[in-house]
Amino acid sequence: MLRACVITLSDKGYAGQRTDESGPLAAKMLEDAGYLVEEQIILPDEPQRLQKELIRMADENKVDLVITSGGTGFSLRDQTPEATMAVADRNAPGIAEYMRMKSAEITPRAMLGRGVSVLRKQTLIINLPGSPKGVRENLGFVLPTLQHGLEILQGSAIECARKD
């Protein structure tokens, strides 16, 4: 069973001024897909705190997948992509590119999303938007393919060449 965690970035959610709906939705979608969600946490939009948690999840907990929600827009407090890139060993841009492309079919505002997807050791980290709608759509776009990528990352699957 693949192990995951969900981190929500929200100043208002962390302060108890807003109920986080995006993190629990991401966790439910992962559980419905067969993942074991080990942790759900909410943090303020502070890059250093996110970096610390991402390192802990990848290096100590050794989870297969970390999903973040929030902090990917144009606001000055939105620093999730920068914090994620700061802890990355390798970039995995196709996932974030695909989510933006598919989202753009729904709304042209998708081009304003700055989320990234990266690898740290044997953990895949994916940034999602902070709204439940954004989580549902974006995670829904990539969830069917993630297991194969994670199995390759863990060494339990053989990477196949394209046949088309």
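Just so it is clear, the structure is predicted and the values come from calculations on it, not from any experiment.
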Co-membership, hydrophobic cluster, residues L30 and L2, 4.5 Å side-chain: yes
Expected output: side-chain R3 to main-chain N61 donor-acceptor under 3.5 Å: yes
L153 CG to T123 OG1 distance, which is reported to the nearest 0.5 Å: 7.5 Å
Check: Y35 and Q147 side chains under 4.5 Å, non-hydrogen atoms: yes
Criterion side chain to side chain contact (heavy atoms under 4.5 Å, CB included) on Q122 and V63, from CA distance to verdict: CA-CA 8 Å; Q122 290 186 288; V63 298; over 6 Å; no
I125 reachable from V135 in the ILVMFWY side-chain graph, under 4.5 Å edges: no
Nearest-0.5 Å distance, CG of residue L146 to CG of residue L139: 7.0 Å
Residue pair S103, N138: steps toward the side-chain hydrogen bond (donor to acceptor under 3.5 Å, both in side chains) verdict: CA-CA 7 Å; S103 290; N138 285 273; 3.1 Å; yes
Path from L128 to V66 over hydrophobic side-chain contacts below 4.5 Å: no
Remaining members of hydrophobic cluster (4.5 Å side-chain criterion), F74: M111, L112
side-chain hydrogen bond (donor to acceptor under 3.5 Å, both in side chains) involving S22 - partner list, sequence neighbours excluded: D20, S69
Nearest atoms (heavy-atom pairs only) where A104 meets A110: N-CB, 3.5 Å
Salt bridge (Lys or Arg N to Asp or Glu O under 4.0 Å) contacts touching residues 73-86 (sequence neighbours left out): D11-R77, E82-R114
Spacing of L65 atom CG and I126 atom CD1 [to the nearest 0.5 Å]: 5.5 Å
Presence of salt bridge, K28 and E31, under 4.0 angstrom: no
Hphob cluster co-occupancy, M101 + V116, side-chain heavy atoms under 4.5 angstrom: no
Interatomic distance, C5 atom SG to M57 atom CE [nearest 0.5 angstrom]: 4.0 Å
I41 side chain near T8 side chain, heavy-atom distance below 4.5 Å: no
Closest non-hydrogen atom pair, I95 against S117: CB-OG, 3.4 Å
Straight-line distance of E105 CD to F141 CZ, nearest 0.5 Å: 7.0 Å
Pairwise distance CG(L43) to CG(L50) - rounded to 0.5 angstrom: 6.5 Å
Residue pairs involving residues 55-74 (criterion salt bridge (Lys or Arg N to Asp or Glu O under 4.0 Å); sequence neighbours excluded): E39-R56, E53-R56, D59-R120
Working for side-chain hydrogen bond (donor to acceptor under 3.5 Å, both in side chains), residues N127 and T84: CA-CA 8 Å; N127 301 155; T84 302; 3.1 Å; yes
T68 (side chain) donor-acceptor with I7 (main chain) under 3.5 angstrom: no
Connected hydrophobic set around M1, excluding itself, where side chains approach under 4.5 Å: L36
I42 versus Y14, closest heavy-atom pair with distance: O-CD1, 3.3 Å
D45 to S10 - nearest heavy-atom pair and separation: OD2-CA, 4.0 Å
Shortest non-hydrogen contact from A33 toward L143: CB-CD2, 3.7 Å
Please tabulate, for the side chains in residues 86-93, all donor-acceptor contacts under 3.5 angstrom to protein atoms that are two or more places apart in sequence or on a different chain.
unit_1 : atom_1 : unit_2 : atom_2 : d
D89    : OD2    : K121   : N      : 2.6

Q79 side chain vs L76 backbone, donor-acceptor pair below 3.5 Å: yes
Heavy-atom pair with the smallest gap, counting every atom of A26 and I67: CB-CG2, 4.2 Å
